[in-house]
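Encoded as structure tokens, the structure appears first; notes follow it.
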Amino acid sequence: MEKVSIVGLDIAKSSFHAHGAAANGSKVFSKALPRGRVLEFFGQIEPCTIALEACAGAHHWSRELSRLGHDVRLIAPQYVKPYVKRQKNDANDAEAIAEAASRPTMRFVTTKTTEQQGQSMVLKTRDLLTGQRTQAINALRGHLAEHGIVAPKGPQHLPRLEKAVAENGERLPPEVTGLCQIFFDLIAGLSARIDALTRQLRQIARQDDVARRLMTMPGIGPVTAVSIAVLAAPPEMFSKGRDFAAWIGLAPRQHSTGGKTRLGKISKMGQRDLRRLLIIGAMSAIQAAQKRGGAPDGSWLARMLARKPKMLVAVALANKMARMAWAIMAHGASTRPCQR
């Protein structure tokens, strides 16, 4: 059999497919593999390049295959799709992965360690519980509004709702008061879990050198700092801060042709969690500046706020923050002594 240079591995829950190609791109083998035989099969072939789509389970298989001596590369699925020929099936997907990985200009995803995936799970679990708490609060406010009891948005106004339910207990049906108590207990339990995960993230941020340096930047707290340290691609993958901001999706989307440059709204490509957190942090920095009497006269922020909407300025500031974050990670600098 001709020597295998690169293998495209299409992974799934139980049925995998491997496409082996020689150095000139010709097919050497194409075969389906059950989950239990994947490591056995790759342990029998000579070390080569193995490419996988960066999806669920890819980082686990990357670590396992690397232990066998193979050079494992992960590719974002959107970079594989253009190489799929006609019909979509496991064999064609595996061939497309191998073809995409052979391109000299292809961009790859860095394999995460188990510690990074554990910290990522803390972030995602906290985000999930926060969403569930918001859903429960909105449902409670909606139900009580039907009975003439209203309160502003946010968990900080729950005591007002609880007090209103107690004061109107006589005119509210027993079913309503009972179900409201279920909502209050549910929200309190979610809040306690969210607070525990927030404390855990603060502990992680204190122990991580990159996160500590990122927290010296105004608008970046423990959650955002840990998110950038865990979810962001390594800084050496980017030649400058603008490339990192574009990877997050904070750079303008281009539609240029014929030498005419046309820039539109931000691309919203890349890591959406980082993009959301940076925009929230930028908005908090703007609000903090306004509470202090406004941004310093003549500063970039003051000039932008004078002629642009606040949300647009927040997105622009988030772009600047992304560039600064890249500089901090790439060059080991910080903006000021950390006070947290």
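- By the 4.5 Å heavy-atom criterion applied to side chains, Leu33 and Phe42 are counted as neighbours.
- Heavy-atom contacts from other residues, nucleotides or ligands closer than 6.0 Å to CD of Gln156 number more than 12.
- Between Arg160 and Pro152, some side-chain heavy-atom pair lies under the 4.5 Å cut-off.
- Both Leu52 and Ile45 belong to a common hydrophobic cluster when Ile, Leu, Val, Met, Phe, Trp and Tyr are linked at side-chain heavy-atom distances under 4.5 angstrom.
- Surrounding CZ of Arg323 are more than 12 heavy atoms belonging to other residues, nucleotides or ligands, all under 6.0 Å away.
- Both Met311 and Leu305 are part of a single hydrophobic cluster, where members link through side-chain heavy atoms under 4.5 Å apart.
- A donor-acceptor pair under 3.5 Å is formed between the side chain of Ser256 and the backbone N or O of Arg262.
- In the model, Arg133 has a side-chain atom that pairs as donor or acceptor with a side-chain atom of Ser191 under 3.5 Å.
- Once rounded to the nearest 0.5 Å, the distance linking NE2 of His59 with CD of Gln116 reads 9.0 Å.
- Between the side chain of Ser62 and the main chain of Ala58, no donor-acceptor pair closer than 3.5 Å is present.
- The side-chain heavy atoms of Met106 and Ile75, taken from C-beta on, include a pair separated by under 4.5 Å.
- The environment of CG in Asp297 is sparse: at most 12 heavy-atom neighbours from other residues, nucleotides or ligands sit within 6.0 Å.
- Side-chain contact between Asp243 and Met237 is absent, with no heavy atoms from C-beta onward closer than 4.5 Å.
- By the neighbour-count criterion of 12 heavy atoms within 6.0 Å, atom CD of Gln78 is densely surrounded, having more than that number from other residues, nucleotides or ligands.
- Within 6.0 Å of CD on Gln135 lie no more than 12 heavy atoms contributed by other residues, nucleotides or ligands.
- At distances below 3.5 Å, not a single donor-acceptor pair connects side-chain atoms of Asp208 with backbone N or O atoms of Ile204.
- Phe41 has its ring centre less than 6.0 Å from the ring centre of Phe29.
- Other residues, nucleotides and ligands place no more than 12 heavy atoms under 6.0 Å from the CZ atom of Arg253.
- Within 6.0 Å of CE in Met269 there are 12 or fewer heavy atoms belonging to other residues, nucleotides or ligands.
- Neither Ile182 nor Val176 shares a network with the other; the hydrophobic side chains, linked directly or stepwise wherever heavy atoms of I, L, V, M, F, W or Y lie under 4.5 Å apart, form separate groups for each.
- Checking Arg193 against Gln132 by side-chain atom types alone, no donor-acceptor pair falls below 3.5 Å.
- Here the side chain of Thr125 pairs a donor or acceptor atom with the backbone of Met121 at under 3.5 angstrom.
- The side-chain contact (heavy atoms from CB on, under 4.5 Å) test with Ile279 singles out one residue from Asn319, Leu250, Leu274, and that residue is Leu250.
- Hydrophobic clustering, with ILVMFWY side chains joined whenever heavy atoms are under 4.5 angstrom apart, groups Trp247 together with Leu278.
- Contact annotation: the side chain of Ile97 never approaches that of His19 to less than 4.5 Å [non-hydrogen atoms, C-beta and beyond].
- Between the side chain of Arg212 and the backbone N or O of Ala205, no donor-acceptor pair lies under 3.5 Å.
- When atom types are taken as modelled, the side chain of Arg171 and the backbone of His147 share a donor-acceptor pair closer than 3.5 angstrom.
- Only one option out of Leu9, Leu39, Val72 pairs with Trp61 in a side-chain contact (heavy atoms from CB on, under 4.5 Å); it is Leu39.
- Between the side chain of Trp326 and the main chain of Ala245, no donor-acceptor pair closer than 3.5 Å is present.
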Asp273 vs Arg276, salt bridge (charged side-chain N to carboxylate O under 4.0 Å, His left out): CA-CA, chis, key distance, verdict: CA-CA 5 Å; Asp273 293 326; Arg276 173 174 56 86; 3.7 Å; yes
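- Panel note: side chain Lys112, backbone Val230; a donor-acceptor pair is recorded below 3.5 Å.
- Residues Arg126 and Leu201 form a side-chain contact, since some pair of their non-hydrogen atoms from C-beta on lies under 4.5 Å apart.
- Under the 4.5 Å side-chain contact rule for hydrophobic residues, Leu140 and Val150 do not share a cluster.
- With salt bridges taken as basic N to acidic carboxylate O contacts below 4.0 Å, one links Asp209 and Arg213.
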